[in-house]
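This report refers to the structure that appears directly beneath it.
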Amino acid sequence: MIARIIVDVSAKQTDRQFDYLVPPEYEPLATPGMRVVVSFGPRKVQGFILSIGQDSSISNDKLKALDSLTDLVPPLTTELIELSVWLKNHAVSNHISVLKSMLPSAMRANYRKHLILNDDVDCSESDREFLLKQFQDKPLLDWDDWYKHATTFEHKEMSRAINDGFVRVEPVVATGETTKTERHVRLIRDPKTSEEAFLTLAKRTKKQAEIVQWLSEQETDHYPLKQLSVSSSVIKGLEEKGWVEKTDVVIGRDPYEGREFKQTTNMELMAEQQEVFERILPAIEEERSEIFLLRGVTGSGKTEIYLQTIEKVLKKRKEAIMLVPEISLTPQMVTRFKERFGSRVAVLHSALSKGEKYDEWQRIRKGEVDVAVGARSAVFAPFQNIGMIIIDEEHEGSYKQEEEPRYHARDVAIKRAELYHCPVILGSATPSLESYARAVKGVYTLLEMERRVNDVAMPDVTIVDMKDELRHGNRSMFSDALIERMRNRIEKQEQIVLFLNRRGYSTFIMCRDCGYVAECPHCDISLTYHQPINQLQCHYCGYHHTVPHQCPECTSDAIRYFGTGTQKVEEELQEVIPEARVIRMDVDTTGRKGSHERLLSAFGNHEADILLGTQMIAKGLDFPDITLVGVLAADAMLHLPDFRASERTFQLLTQVSGRAGRHLKAGEVIIQSYTPEHYSIQDVTKHDFTGFFQKEMLMRKQAGYPPYYFLVLIHVSDEALDAAVLATEKIANYLKNNLSDQAKIYGPVASSIARIKDRYRYQCMVKYKIEPNLTETLRNLYQLFDGELNKGGLQVTVDTSPNMML
DNA sequence: AGCACGCCGACT
DNA sequence: GTCGGCGTGCTC
């Protein structure tokens, strides 16, 4: 029996199947999708069985047998294996990277080396002394741990001992899977059959008898120790007399342990919601892989539609996957799912510990749940009978993985839906241009909801031209209109959300006399000033430096701070409205686990009047007393070197505006901008998605960008500038010669940040409409550079669904 | 990717 | 003479 295996060695040359013999004792067990340990060259690595066969093209004497099976049940289903083959081609990625990204991190291999003392060796007295000192009584040493603490002399001595055969090195393949156990008490004597002994027990030790009696009345024979509220001496007494014993029982980690979720039932749907709901139902019933684009304005009740369609899916005894952007996987969202579906929901997101993620994943794999709610990677949830996949906030950038494999969760979801013949719902108030264009074209089914639940009015949006403010002599970052409105709301005890898309204190420092700007010595980017630690930081490589008091160029002391971050806004806010209570939310204040939730609930409890924050407050906030939203610098994103800059600006402004007046009180939004005439800002005031869509489509058509063309971005970096340029040139020429005449190839061009961590960055872009040999051609790119790529100097990455052009 | 094999320079 | 530099090529 032959197992065809993908090994965990991520390189172009090893990105193929290797055949191994299956030892006879494993033959009944070995199944595709299982992890195995194999000898690969001189070392041991993890691998995945792709398929089982009877013959191999490799001659039998060259075949090795696989070492061991890691799993009894394959973690990857046959469908996931099939999906992995599609995805590695689609994303031009190594197969192993795809397989690994389908599993929770705890199941990835962990490579260690053990040092083991050989028996019966004939070594000198001094060697013996050295080895005894190193090993003491331990049967083995972990190489990494030992190496860290040993001296250079000891390193030398040890490698000699290995060479002389006194010590051997054994490679070990481990995984990070752990289980959580709980101490239980088990009754080993029945008080009924040992009545006499029980009576004696009851006579002298009343408490112990009570416990025995109570345990004997329970359904199970073992019971969690910590739930028996008795002193440990009572249990100890019972143990000594042979009534009970303690055991460890494996329990699933429950990230929401101790939280009570009160069951909710379906809310009544509004007319628009009902109509949408009824359009989706037939696809579920008829098991069609139809793709719905649900565009519903903020507050139109998309989540309730998700919940009710999932309910229909569950009634058909099928499973549902619900994807949410990491950033909006808020407690509010999780609670809504838990309340509706109770213990049938598994939640997968980054705030869970490794072990919790692993247990939630196992619950899916074992079929203990039928709904998975999670961020991007939950698209690989190992269900086997998927009836529906939902992607909420479909336009969000976080659905794109920016590491290998560079995939977009939307593409994977659509592929899986095809395999399972089930519908997909893409939901958003501001769909991506690509998806909306497909819906308009009829590739997707377009469903729209223009009204908020209970007919709450859309907020009133006003744009303030900050150039005017400057002319009036207002140099602060708050316009007069915004200050006036904020005072008014605080008086009325209503709440305010202020949005600024930039953390830190200020963006850069500059010398007023000579124009010197502090830049990172390793990257072509200016350093950001962080006030609490009084340091200049590089956000790309982590370089930091104390702030100079004098200009390093001209020794002038006229150093000024430019640009504004959330820290500085908070400071100025205190000056302008001293009575305002402010909560600041950005990466710097929400770093610790649970702080996100804590700050939000504090705001919900009216412990502050103003919530000031970055991106992370744009979504999912739903508090009834927010009646004012202020956007401090609407054009911050507009001028980024990215063809999606306008789209992102419109989406963000719409999302933030949607935080205001969601309930009884009317909402108002103030947008401050230096380019108020831009359509991506203007259309927000009119809540006019389709208007924006048409204008932006025109721009994309003229510039030849998606949705009119597909893009591929090839990114090249090297320590040497000329090597990077040369390699990019080579790639561009190769593509010109091997793709059709319709494809347009641009480059080499320097990336917008031309150097990061001392590496020069160049790129080459392909625009195409139909290109049947694309993935094959892209795969062959790597052959242009055989050796150079191995040396580690040159790096080439291919992205078939690029997000940013940076 | 690792790791061994193999071929050249600077050292006890 | 040998130790160790890293270029080259292979892994079922």
Side-chain angles (χ1 to χ4, degrees), chain A residues 1-24 26-27 30 32 34-70 81 88 92-101 105 108-115 142-144 147 152-153 155-165 167-175 403-405 717-720 723 759 779 781-798:
Chain A
M1 193 190 245
I2 304 287
R4 305 201 173 95
I5 288 169
I6 298 290
V7 291
D8 181 17
V9 180
S10 164
K12 292 286 159 295
Q13 289 144 333
T14 49
D15 186 25
R16 59 192 174 87
Q17 292 177 28
F18 288 88
D19 293 353
Y20 282 85
L21 291 164
V22 180
Y26 287 142
E27 285 196 6
M34 279 182 178
R35 293 170 298 163
V36 293
V37 175
V38 294
S39 303
F40 190 65
R43 56 212 167 111
K44 295 208 186 303
V45 296
Q46 189 177 71
F48 287 86
I49 303 181
L50 268 203
S51 62
I52 297 285
Q54 291 311 320
D55 42 28
S56 169
S57 53
I58 302 293
S59 70
N60 256 40
D61 54 330
K62 270 195 170 174
L63 287 178
K64 287 183 186 169
L66 59 87
D67 281 43
S68 61
L69 300 177
T70 311
I81 295 174
K88 71 146 183 144
V92 197
S93 163
N94 288 329
H95 204 164
I96 189 65
S97 316
V98 175
L99 294 168
K100 285 199 321 196
S101 63
S105 60
R108 288 187 200 154
N110 205 329
Y111 298 102
R112 314 220 60 129
K113 275 188 244 169
H114 287 170
L115 296 174
D142 182 273
W143 171 267
D144 289 334
Y147 196 88
T152 321
F153 170 75
H155 294 162
K156 279 213 167 125
E157 285 299 295
M158 188 61 88
S159 62
R160 211 166 47 79
I162 293 166
N163 263 334
D164 293 346
V167 172
R168 65 178 189 278
V169 181
E170 269 187 16
V172 189
V173 182
T175 68
E403 291 134 45
E404 233 198 58
S717 75
D718 197 292
E719 286 160 20
R759 299 181 62 86
R779 227 164 239 290
L781 270 186
Y782 292 100
Q783 287 168 14
L784 292 173
F785 305 102
D786 276 334
E788 289 167 79
L789 282 170
N790 281 354
K791 280 178 210 150
L794 184 68
Q795 267 175 26
V796 177
T797 60
V798 174

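Chain naming here is simple, since letters A, B, ... match the order of the sequence lines and numbering starts at 1 in each.
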Over how many whole Å does the gap from A/Leu63 atom CG to C/dT11 atom P extend? 12 Å
When you measure from the side chain of A/Gln13, which nucleotide among C/dC12, B/dC3, C/dC10 comes out closest? C/dC10
Look up atom CD1 in A/Ile5 and atom CD1 in A/Ile49, then write down how far apart they are to the nearest 0.5 Å. 5.5 Å
Counterpart residues, side chain to side chain donor-acceptor pair (under 3.5 Å), relative to A/Glu170 (two or more places apart): A/Arg168
Regarding the side chain of A/Ala11, the nearest nucleotide among B/dC3, B/dA1, C/dC12 is B/dA1
Show which side-chain atoms of residues 60-69 of chain A pair as donor or acceptor with protein atoms under 3.5 Å away, not counting sequence neighbours.
unit_1  : atom_1 : unit_2  : atom_2 : d
A/Asp61 : OD1    : A/Ser59 : OG     : 2.7
A/Lys64 : NZ     : A/Gly41 : O      : 3.3
A/Asp67 : OD1    : A/Ser39 : OG     : 3.1
A/Asp67 : OD2    : A/Lys44 : NZ     : 2.9

Figure out the CG/P separation between A/Leu21 and C/dC12, and round it to whole Å. 12 Å
A/Lys62 vs C/dC12: side-chain N/O to OP1/OP2 distance below 4.0 Å: no
All side chain to side chain donor-acceptor pair (under 3.5 Å) counterparts of A/Ser101, not counting sequence neighbours: none
Rounded distance in Å - NZ (A/Lys12) to P (C/dT8): 20 Å
Rounded interatomic separation in angstrom, taking CG from A/Asn60 and C1' from C/dC12: 11 Å
In whole Å, what is the span from the CD atom of A/Gln46 to the C1' atom of C/dC12? 17 Å
Reference residue A/Ile2; test side-chain contact (heavy atoms from CB on, under 4.5 Å); the match among A/Ser56, A/Ser57, A/Ser51: A/Ser56
Rounded distance in Å - OH (A/Tyr111) to C1' (B/dG2): 11 Å
Salt bridge (charged side-chain N to carboxylate O under 4.0 Å, His left out) partners of A/Arg779, counting only residues at least two apart: A/Asp15
By ring pair (Phe, Tyr, Trp, His ring centres under 6.0 Å), A/Tyr111 pairs with (sequence neighbours left out) none
Distance, rounded to the nearest Å, where A/Asp15 contributes CG and C/dC12 contributes P: 16 Å
Between A/Gln17 (CD) and C/dC12 (C1'), how many Å, whole number? 11 Å
Tell me which residues in residues 37-45 of chain A put a heavy atom below 4.0 Å from DNA chain C, sorted by number, or none. A/Ser39, A/Phe40, A/Gly41
